[in-house]
Amino acid sequence: MALLKYEEIAESLRSRIAAGEFPPGTMLPSGRDLAEQWHVSRATAVKAMDVLRGDGLVEARQGAGFIVTETPIGRPAGNRRSGSSRITGGMPFTRIGIPDRTVPPPRVAAALGLATGAEALRRIRMMRLPDGSPHSLATAWFPTDIADQAPRLEQNSPIAEGTTRYVRRLTGRFPTEGTDVTTVRQATEHEAQQLNLESRTAVAVVLHTAYDQNGHALVCEEGVTPGPLWHHTETYPM
């Protein structure tokens with residue numbers, strides 16, 4: 001399906017941001033400039049910017065226009081419903097360690113459909129509250145065939161276009177279904193240290209698995225959130 005004009009403009013800017021043409025803190029072309037370059041109305045150009053803002057890539061600065069965000073925005077694990085943007089429930093995060101290939105825990109391996117002892121690519125990030133304190137620890141696991149085709153997953157720097165768009169662009173695979181399994185247990189010693197908790201604090205653990213258009217697992221993400229910070233609300237018809 002062909003992209004609408006505002007989507008085409010947004011994708012072009014997204015690619016230029018991802019390529020480093022517009023580093024964090026850089027002002028993007030104005031709506032008027034974009035309208036002239038793309039031969040569209042200013043409203044169409046502004047709509048393209050709204051798409052990027054919804055993805056957490058840019059922010060509006062009064063009197064200055066749109067600026068590429070300096071702090072990456074992400075979402076805790078789970079609740080990745082169709083149509084939701086990257087900043088729906090999003091918060092700042094920092095990358096923990098360097099992405100590496102290692103054998104995942106059994107429940108992650110099972111979710112990814114991996115053979116016993118098979119490795120996966122691990123990426124860890126710390127979601128943070130507005131004051132900078134830890135909110136949750138999120139560990140994403142990618143099958144090695146995806147990591148081989150999308151090498152930036154093994155880099156420590158944020159992927160401006162988002163991992164979903166990046167993986168789709170490099171592999172042609174994209175999520176069509178997600179499964180979330182939530183359990184409660186005590187924090188491990190490592191988790192307690194990372195999240196500044198007492199070792200026996202209860203944590204909510206969300207295991208989110210995304211499946212592609214062929215029903216194969218794309219990624220399995222485990223989010224660990226301290227009990228006092230865990231909150232989930234769902235409204236449904238009765």
Side-chain angles (χ1 to χ4, degrees), residues 72 74-81 86 93-128 134-159 161-197 199-227 230 232:
R75 289 180 292 180
N79 198 25
R80 306 300 177 89
R81 298 181 185 273
R86 284 171 64 190
F93 71 87
T94 52
R95 188 68 57 193
I96 303 295
I98 298 174
D100 61 347
R101 299 190 185 208
T102 187
V103 177
R107 65 190 302 224
V108 173
L112 292 176
L114 300 181
T116 302
E119 293 185 341
L121 175 65
R122 175 175 58 182
R123 289 167 57 90
I124 307 173
R125 67 183 187 277
M126 178 70 74
M127 313 305 300
R128 297 192 179 276
H135 173 271
S136 59
L137 196 61
T139 304
W141 298 86
F142 293 86
T144 54
D145 61 331
I146 291 180
D148 290 341
Q149 296 178 70
R152 285 179 59 201
L153 291 175
E154 298 196 70
Q155 297 178 10
N156 204 32
S157 57
I159 298 175
E161 62 190 295
T163 55
T164 299
R165 290 179 185 272
Y166 173 65
V167 168
R168 179 171 186 167
R169 180 166 59 83
L170 270 291
T171 70
R173 298 169 62 182
F174 53 92
T176 59
E177 184 178 71
T179 299
D180 293 350
V181 178
T182 303
T183 55
V184 178
R185 58 169 170 77
Q186 291 182 345
T188 66
E189 185 176 339
H190 173 72
E191 292 164 350
Q193 183 178 20
Q194 292 285 338
L195 294 166
N196 297 333
L197 305 173
S199 60
R200 297 180 63 83
T201 300
V203 292
V205 182
V206 177
L207 191 72
H208 165 76
T209 309
Y211 299 92
D212 68 12
Q213 62 272 36
N214 296 315
H216 300 140
L218 276 173
V219 62
C220 183
E221 189 171 54
E222 186 175 56
V224 179
T225 307
W230 169 253
H232 176 71

**OP:** Would you mind telling me which of T188, V184, T183, V224 makes a side-chain contact (heavy atoms from CB on, under 4.5 Å) with V203?
**Re:**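 With V203 as partner, side-chain contact (heavy atoms from CB on, under 4.5 Å) holds for just one option, V224.
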**OP:** Only pairs at least two apart or in different chains count here, so list each side chain to side chain donor-acceptor pair (under 3.5 Å) that has a residue in residues 102-117.
**Re:**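 Those involving residues 102-117 are R107-E222.
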Does some side-chain heavy atom of [Y] sit less than 4.5 Å from a side-chain heavy atom of [X]?
{"X": "L218", "Y": "I146", "answer": "yes"}
{"X": "Q186", "Y": "R200", "answer": "yes"}
{"X": "R123", "Y": "T139", "answer": "no"}
{"X": "N156", "Y": "P99", "answer": "yes"}
{"X": "L207", "Y": "C220", "answer": "yes"}
{"X": "Y166", "Y": "R152", "answer": "yes"}

**OP:** Say whether, by atom type as modelled, one donor and one acceptor occur between the side chain of D212 and the main chain of N214 under 3.5 angstrom.
**Re:**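 Side chain of D212 to backbone of N214, a donor-acceptor pair under 3.5 Å: yes, one is there.
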Subject >> Donor-acceptor pair, side chain of Q149 and main chain of D145, under 3.5 angstrom >> reply: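 The answer is yes, because a donor-acceptor pair under 3.5 Å joins these two groups.
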In Å and rounded to the nearest 0.5 Å, what is the [atom1] to [atom2] distance from [X] to [Y]?
{"X": "S136", "Y": "R125", "atom1": "OG", "atom2": "CZ", "value": "7.5 Å"}
{"X": "L197", "Y": "L137", "atom1": "CG", "atom2": "CG", "value": "10.0 Å"}
{"X": "L195", "Y": "M127", "atom1": "CG", "atom2": "CE", "value": "12.0 Å"}
{"X": "I98", "Y": "R122", "atom1": "CD1", "atom2": "CZ", "value": "12.0 Å"}

Listed partners of [X] passing side-chain contact (heavy atoms from CB on, under 4.5 Å), at least two apart:
{"X": "T182", "result": "V206, W230"}
{"X": "Q213", "result": "R173, F174, T176"}
{"X": "A120", "result": "P104, L112, L114, W141"}

Subject >> R95: salt bridge (Lys or Arg N to Asp or Glu O under 4.0 Å) partners, not counting sequence neighbours >> reply: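 For R95 there are no salt bridge (Lys or Arg N to Asp or Glu O under 4.0 Å) partners, ignoring immediate neighbours.
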Subject >> Partner residues of E119 under the salt bridge (Lys or Arg N to Asp or Glu O under 4.0 Å) criterion, sequence neighbours left out >> reply: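 Residues passing salt bridge (Lys or Arg N to Asp or Glu O under 4.0 Å) with E119: none at all.
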**OP:** Identify the heavy atoms of V103 and G117 that sit nearest to each other, and give their distance.
**Re:**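 So the minimum-distance heavy-atom pair works out to CG2-O, 3.5 Å.
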Original post:
Which pair of heavy atoms, one from M126 and one from P134, lies closest together, and at what distance?
Top reply: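 Closest approach of M126 to P134, heavy atoms only: SD-CB, 3.8 Å.
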**OP:** Check the surroundings of atom CZ in R169: do more than 12 heavy atoms from other residues, nucleotides or ligands lie under 6.0 Å from it?
**Re:**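 Yes.
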